[in-house]
Asks: 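Following this message is one structure expressed as structure tokens.
Since we're looking at a predicted model, the values are computed, not measured. A, B, ... follow the sequence lines: proteins, then strands. Residue 1 opens every chain.
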2 protein chains.
Amino acid sequence: MATKGEQTRARLINAARTLVEERGYFGAGLNEMTDAGKAPRGSLYHHFPRGKDQLVAAALAASGQEIAALIRTLSEDAPNARALVEAVLDALADRMEEAGYAKGCPIATVALEVAATNDSLQKICAEAYDDWQGVLADHLVADGYAPDRAGALACSLLALIEGALVLARAQRSRIPIDRARESAGALLNA
Amino acid sequence: MATKGEQTRARLINAARTLVEERGYFGAGLNEMTDAGKAPRGSLYHHFPRGKDQLVAAALAASGQEIAALIRTLSEDAPNARALVEAVLDALADRMEEAGYAKGCPIATVALEVAATNDSLQKICAEAYDDWQGVLADHLVADGYAPDRAGALACSLLALIEGALVLARAQRSRIPIDRARESAGALLNA
DNA sequence: GGAAGAGTAGACCGATCTATATATTTGTCC
DNA sequence: GGACAAATATATAGATCGGTCTACTCTTCC
């Protein structure tokens with residue numbers, strides 16, 4: 001069983017994940033995170049001695065892996081790449097709507113905030129996207145695409161997904177995601 | 001000629017535009033904005049009595065209109081929709097690289113930060129995207145697409161552009177934008 | 001040329017931020 | 001059960017946040 005310390009650490013990470021996804025790196029304060037995670041400051045700096053950056057880094061890594069796992073899971077039931085992209089968009093749109101547009105891409109907000117100013121967090125964001133792109137590319141290769149073509153295509157598909165999430169949250173509507181869903185097939189048939 | 005007050009106001013808006021695009025709403029402080037805009041706090045609250053929200057709103061509106069004007073300008077020289085999208089992506093990629101990845105989409109970061117929590121700013125972001133999508137759709141209609149088809153297509157093209165900008169900044173590389181450039185044509189031929 | 005308002009200037013306020021310092025409690029292992 | 005580290009619990013430091021306030025300087029217009 002997980003020790004009490006591990007549970008506290010996990011609560012902090014989960015609280016950080018939620019708050020950072022909703023409002024970004026600068027918009028999410030440590031006070032809120034410790035409150036939401038029901039942990040005192042001492043525990044925060046015990047588990048994350050390098051402070052906010054380290055906690056947010058752990059939160060981003062966890063969210064990144066969760067989305068990668070989601071894509072992989074959906075990949076198992078998808079007969080082809082098009083069905084996979086549609087399933088991913090559906091799942092993310094549902095998740096977004098259920099959260100009242102407080103959730104979208106758990107990486108994007110921080111990625112944009114820190115792209116030019118925080119090397120360590122930028123790196124983690126870049127790795128998450130690389131990871132997702134790789135999972136997509138793997139499925140494309142299994143579908144018969146040449147590896148380098150699959151990589152480029154996965155990049156564009158990921159861009160379409162990410163952009164649809166940005167527009168959907170900005171407009172508080174799932175329409176951009178549904179439209180991207182309809183367009184995804186066109187990218188694959190080129 | 002612009003009065004001194006108008007110049008101060010413009011300097012503040014420009015400073016806010018730069019800082020907000022680089023680090024987002026929460027990451028950009030009023031102290032930095034007044035420093036960069038060479039204006040004291042008194043001037044800030046004279047020109048923007050409702051404070052940060054009002055200044056950032058003005059900055060977002062200005063940036064939104066600038067991008068809309070950019071698309072319109074590029075639209076004049078583009079022989080077709082595909083060439084237009086490619087030109088937009090090229091221009092935005094150049095702009096991003098020149099700024100050392102401090103610039104991308106001037107709306108997206110704030111849009112994601114405030115999507116669920118700040119109605120007035122969310123509205124301004126949504127309007128900017130609507131505006132851009134409209135400009136793209138107009139060009140598509142001129143290219144012969146049916147109006148409703150043009151609207152849906154413009155939405156997906158904008159998603160592809162926005163997503164490419166997110167990935168490019170996150171990875172500090174223009175490759176995702178170049179890949180989106182290559183994929184844009186496929187969306188149009190479906 | 002003097003009144004009036006637009007605009008500038010910066011000190012200042014309470015709140016909140018991240019981080020640290022210092023105790024104290026809890027758990028574990030010999 | 002005693003020792004030692006892990007983990008928790010606060011209090012507080014120092015900086016910065018957005019915002020308010022008062023005083024001052026221009027400009028404009030009668």
Side-chain angles (χ1 to χ4, degrees), chain A residues 1-20 22-60 109-110 113-114 117-121 124, chain B residues 1-60 109-110 113-114 117-122 124:
Chain A
M1 166 199 135
T3 71
K4 195 155 187 235
E6 286 165 346
Q7 291 175 11
T8 301
R9 186 187 151 92
R11 283 202 313 278
L12 281 169
I13 290 178
N14 284 333
R17 286 177 64 181
T18 302
L19 288 162
V20 165
E22 176 171 338
R23 295 205 292 277
Y25 176 82
F26 296 111
L30 289 184
N31 290 330
E32 296 170 290
M33 296 186 199
T34 50
D35 286 353
K38 301 203 188 306
R41 298 199 91 66
S43 298
L44 196 170
Y45 282 94
H46 172 77
H47 293 287
F48 304 95
R50 294 201 314 282
K52 188 181 189 180
D53 272 27
Q54 190 178 3
L55 172 56
V56 173
L60 290 174
T109 314
V110 180
E113 284 177 299
V114 307
T117 52
N118 186 321
D119 290 356
S120 64
L121 288 180
I124 290 176
Chain B
M1 169 199 130
T3 71
K4 197 155 188 235
E6 285 167 343
Q7 291 174 15
T8 301
R9 185 187 151 92
R11 283 203 314 278
L12 280 169
I13 290 179
N14 284 332
R17 286 178 63 183
T18 302
L19 288 162
V20 165
E21 180 164 2
E22 177 171 338
R23 297 205 290 278
Y25 176 82
F26 296 111
L30 289 184
N31 290 330
E32 295 170 291
M33 296 186 200
T34 50
D35 286 353
K38 301 203 189 305
R41 273 190 122 54
S43 298
L44 197 170
Y45 281 92
H46 173 76
H47 293 288
F48 303 96
R50 294 201 315 280
K52 188 180 189 181
D53 271 27
Q54 190 179 4
L55 172 56
V56 173
L60 290 174
T109 315
V110 180
E113 284 178 299
V114 307
T117 53
N118 185 321
D119 289 356
S120 64
L121 288 180
Q122 177 268 335
I124 290 177

Asks: List for me each residue that meets salt bridge (Lys or Arg N to Asp or Glu O under 4.0 Å) alongside B:E21, sequence neighbours excluded, and say none if there are none.
Replies: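 Testing B:E21 for salt bridge (Lys or Arg N to Asp or Glu O under 4.0 Å), a comparison that skips the adjacent residues, returns B:R95.
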
Asks: Less than 4.5 Å apart, any side-chain heavy atom of B:T8 and any of B:K38?
Replies: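 Sidechains of B:K38 and B:T8: no contact.
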
Asks: So A:L30 and A:Y45, do their side chains get closer than 4.5 Å, heavy atoms only?
Replies: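 Result yes, sub-4.5 Å side-chain heavy-atom pair found.
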
Asks: Distance check needed: D:dG19 C1' versus B:L12 CG, whole Å only.
Replies: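 Between C1' of D:dG19 and CG of B:L12: 15 Å.
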
Asks: For the atom pair NE2 (A:H46) and CZ (A:R9), what is the distance rounded to the nearest 0.5 Å?
Replies: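 It comes to 10.0 Å.
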
Asks: Are B:T109 and A:F26 packed together at the side-chain level, in the sense that at least one heavy-atom pair is separated by less than 4.5 angstrom?
Replies: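 SC-SC contact between B:T109 and A:F26 ruled out.
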
Asks: Provide, to the nearest angstrom, the distance between the CZ atom belonging to B:R9 and the C1' atom belonging to C:dT8.
Replies: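 Checked: the CZ to C1' distance equals 16 Å.
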
Asks: For residues A:M33 and A:L12, report the shortest heavy-atom separation together with the two atoms involved.
Replies: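 The pair with the smallest heavy-atom distance is O-CD2, 4.0 Å.
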
Asks: What does the inter-axis angle of the helix from C:dG1-D:dC30 to C:dC30-D:dG1 come out as, five pairs per end, nearest 10 degrees?
Replies: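 If I round to tens, the end axes sit 10° apart.
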
Asks: Within the structure provided, determine whether A:E113 and A:L121 are in side-chain contact (heavy-atom separation under 4.5 Å).
Replies: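 Side-chain contact under 4.5 Å: no.
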
Asks: Are the side chains of B:L60 and B:Y25 in touch, meaning some heavy atoms are under 4.5 Å apart?
Replies: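 The answer is no, as the side chains (C-beta and beyond) never meet within the 4.5 Å cut-off.
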
Asks: Using a 4.0 Å cut-off on heavy atoms, which residues in residues 25-52 of chain B reach DNA chain C? List them by number, or say none.
Replies: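 Output list: B:P40, B:R41, B:G42, B:S43, B:H46, B:H47.
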
